[in-house]
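Structure first, commentary second.
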Amino acid sequence: MSFSSPNISPPSQRTTYNNHVFTFTHVVQPQPLVRGSCSISRSRICFLSKFDQTFSSPVMEEEGQKKSNLFSESESEEDYSKELDVAVRAVQMACSLCQRVQDILISKTNHQVQSKDDNSPVTVADWSVQAVVSWILSECLGSENISIVAEEDVHTLSKSNASELLESVVNTVNECLADAPRFGVEKPKSSLTTSEVLEIISRCNSTGGPSGRFWVLDPVDGTLGFVRGDQYAVALALIENGEVVLGVLGCPNYPMRKEWLGYQHRYHRIVSKLTPPNSESWNKGCVLYAKKGSGKAWMQPLIHVNKMFVWPNHAKQVFVSPIDNPALATFCEPVEKANSSHSFTEGLAHSVGLRKQPLRVYSMVKYAAIGRGDAEVFMKFARAGYKEKIWDHAAGVIIIQEAGGVVTDAGGCPLDFSKGLYLEGLDRGIIACSGASLHGKIIDAVDASWGCSSL
Ligand SMILES: Nc1ncnc2c1ncn2[C@@H]1O[C@H](COP(=O)(O)OS(=O)(=O)O)[C@@H](OP(=O)(O)O)[C@H]1O
Ligand SMILES: [Mg+2]
Ligand SMILES: [Mg+2]
Ligand SMILES: [Mg+2]
């Protein structure tokens, strides 16, 4: 298993994509990776030697934007560059898989949507993404090094009456992995068997905790949005000793440019009731990512099924909005009233002077919206007794923080990812803001409103 050799393009070649001019540039060959000593396995060394080749690959850079590469020249193995690169490729592949499955789902009248024990929806895409990401992380980073906390298990898939569903998952996984070279990843030597697929899904059974390194995956966040042909996200993060150290958020229906979202909203409200959107009919979708302590967050367009763009992809830096006046700010919240109290946030918004209509979008796309400056505030106040899961937040939190924003609970404390599967000790709800000043105002308003709320 390795990344394929990059295609070297001449320096400063220009091309256009969605009416934007991009320039191909060469990335300077960095120092060789510092390899760990005794603990590195044979397969890992193998992977690294091929992986090094990707450093000489061209990067596509949007004119006027700062150059982005997943690597920097001085970075060593310890600063997660390699993990980030693998994670971005895995999420890109997962997004591509999801787009295909969503197109099939919404074009069928009888939705193949299953219900879990808690009545929440789950689809072929949720299990298939979990399998694909689990496979890529293990193959690229060495299965002995990988521990994953993820949302799905094989309980439903293993039932005697689920053979058709399981077959569909196995086919979807193999179809996606066969496409791996487009993302610079070597595909499996042969198709995965049913038992291999079940194994790679169920391998993601880590329970997290305060020490060591583990990945956190929400294969499809906002499954409800996904089955409705709307927004959803693929979220992958790496946690080390209780801290999120990198996060990748794939948002297949969230366009690179805000103005395209306006089109999408109109499209959904007016047209899509009759005709759901088709993923090839417009260039939608992006992947955001960030690494702890870098002070930078990045965004790539999705690699599209039309195969015009192959790896390596280009990226541009994203920033939170500079707006700190509540009257000019936009706030995001869950679509479902059952997931967050709309009445509480409405009162809160009014008290702090937020004037704009809330942006209600499914999934961690809300975090993406703040991270890239499309909105300024995200609030979630789940009903009492609901425990937030780490996979619903980890990737989004680090992207907002590295883009310049602030994320805490309603008491102003950072979210604690060190206590297992849940954000234990969360004070009331989650407040994410584009800056400290706005964040302070929202926290004060929560305190002022909380006593008279019925939450
Ligand atoms: N009752 C309740 N209260 C709070 N949160 C809940 C609840 N039920 C589910 N969830 C989790 O919410 C995830 C989706 O959150 P969103 O913010 O996207 O909500 S919404 O879909 O926009 O309404 C969703 O993630 P996915 O299951 O990955 O879709 C759930 O983990
Ligand atoms: Mg779910
Ligand atoms: Mg989720
Ligand atoms: Mg999910």
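Reckoned from all heavy atoms, side chains included, excluding hydrogens, waters and symmetry mates. Numbering of ligands and ligand atoms starts at 1, following listing order. Computed from a predicted model, the values in this text were never measured in an experiment.
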> Does ligand 1 have any atom that is closer than 4.0 Å to a heavy atom of Val361?
Replying inline: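 Val361: in contact with ligand 1 (<4.0 Å).
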> For Arg383, is the nearest heavy atom under 4.0 Å from an atom of ligand 1?
Replying inline: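 Under 4.0 Å: yes for Arg383.
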>> Salt bridge or not between Glu139 and Lys189? Use side-chain N to carboxylate O under 4.0 Å.
In response: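 Salt bridge between Glu139 and Lys189, a charged N being under 4.0 Å from a carboxylate O: no.
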>> So that I can tick it off, tell me whether Lys292 and Glu402 are bridged by a salt bridge, with the cut-off set at under 4.0 angstrom between side-chain N and carboxylate O.
In response: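 Salt bridge flag = no for Lys292 with Glu402.
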Within ligand 1, which atoms have a heavy atom of [X] less than 4.0 Å away?
X	result
Lys389	31 (O)
Gly222	26 (P), 28 (O), 29 (O)
Glu336	20 (S), 23 (O)
Ala338	1 (N), 2 (C), 3 (N)
Asp221	13 (C), 25 (O), 26 (P), 28 (O), 29 (O)

> How many angstroms lie between NZ in Lys337 and CZ in Arg360, if you round to the nearest 0.5 Å?
Replying inline: 7.0 Å
> Where do Tyr386 and Asn339 land on the side-chain hydrogen bond (donor to acceptor under 3.5 Å, both in side chains) test, with the steps shown first?
Replying inline: CA-CA 9 Å; Tyr386 180 80; Asn339 289 4; over 6 Å; no
Protein heavy-atom partner closest to [atom] - residue, atom, separation in Å:
atom	result
atom 9 (C) of ligand 1	Tyr386 OH, 3.7 Å
atom 22 (O) of ligand 1	Val335 N, 2.8 Å
atom 2 (C) of ligand 1	Asn339 OD1, 3.2 Å
atom 27 (O) of ligand 1	Glu151 OE2, 3.1 Å
atom 31 (O) of ligand 1	Asp392 OD2, 2.5 Å
atom 18 (O) of ligand 1	Ser363 N, 2.4 Å
atom 16 (P) of ligand 1	Lys366 NZ, 3.5 Å

> When you look for heavy atoms under 4.0 Å from ligand 1, do you find them on the side chain of Lys380, its backbone, both, or neither?
Replying inline: side chain
> When you look for heavy atoms under 4.0 Å from ligand 1, do you find them on the side chain of Tyr362, its backbone, both, or neither?
Replying inline: both
Does an N or O from [X], backbone or side chain, lie closer than 3.5 Å to an N or O of ligand 1?
X	value
Pro334	no
Met364	no
Asp218	yes
Val220	yes

> Can Val377 and Met379 be said to form a side-chain contact (heavy atoms from CB on, under 4.5 Å), step by step?
Replying inline: CA-CA 7 Å; Val377 183; Met379 297 187 270; 3.8 Å; yes
> When you look at Glu151 and Lys116, which way does the salt bridge (Lys or Arg N to Asp or Glu O under 4.0 Å) test go after all the steps?
Replying inline: CA-CA 11 Å; Glu151 181 179 355; Lys116 296 203 271 193; 3.0 Å; yes
>> Between Glu333 and Thr345, is there a side-chain donor-acceptor contact under 3.5 Å, judged purely by atom types and distance?
In response: yes
> Cut-off 3.5 Å, side chains only: do Ser321 and Glu376 have a donor facing an acceptor?
Replying inline: yes
> So is Lys291 actually on top of Tyr80's ring, under 6.0 Å and inside 45° of the axis?
Replying inline: no
> Within 45 degrees of the axis of the six-membered ring of Tyr367 and under 6.0 Å from its centre: does Arg372 put its NZ or CZ there?
Replying inline: no
> Of the backbone and side-chain N, O or S atoms of Val220, does one lie nearer to the Mg ion (ligand 4) than 2.8 Å?
Replying inline: yes
>> Using a distance threshold of 2.8 Å, state whether an N, O or S atom of Asp221 lies below it from the Mg ion (ligand 3).
In response: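 Coordinating: yes.
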>> Nearest N/O/S atom of Glu151 with respect to the Mg ion (ligand 4), by atom name, please.
In response: OE1
>> Looking only at N, O or S atoms, which one in Asp218 sits nearest to the Mg ion (ligand 4)?
In response: OD1
>> Name the residue from Arg89, Arg100, Lys187 that meets the salt bridge (charged side-chain N to carboxylate O under 4.0 Å, His left out) definition with Asp179.
In response: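 Among Arg89, Arg100, Lys187, the one that satisfies the salt bridge (charged side-chain N to carboxylate O under 4.0 Å, His left out) with Asp179 is Arg100.
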>> Checking one value in my table: which N/O/S atom of Asp392 lies closest to the Mg ion (ligand 3)?
In response: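 Relative to the Mg ion (ligand 3), the closest nitrogen, oxygen or sulfur of Asp392 carries the name OD1.
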> Would Ser138 and Ser143 satisfy side-chain hydrogen bond (donor to acceptor under 3.5 Å, both in side chains), going step by step from the backbone distance to the final call?
Replying inline: CA-CA 4 Å; Ser138 289; Ser143 56; 5.3 Å; no
> So, does Asp221 use its side chain to make a donor-acceptor pair with the main chain of Met364 at under 3.5 Å?
Replying inline: yes
>> Students often mix this up, so state it plainly: with edges at 30° and 60°, are the rings of Phe381 and Trp450 parallel, tilted or perpendicular?
In response: tilted
> How far apart are the C-alpha atoms of Asn253 and Asp230, what are their side-chain angles, what is the distance that settles it, and do they pass the side-chain contact (heavy atoms from CB on, under 4.5 Å) test?
Replying inline: CA-CA 7 Å; Asn253 283 343; Asp230 209 311; 5.8 Å; no
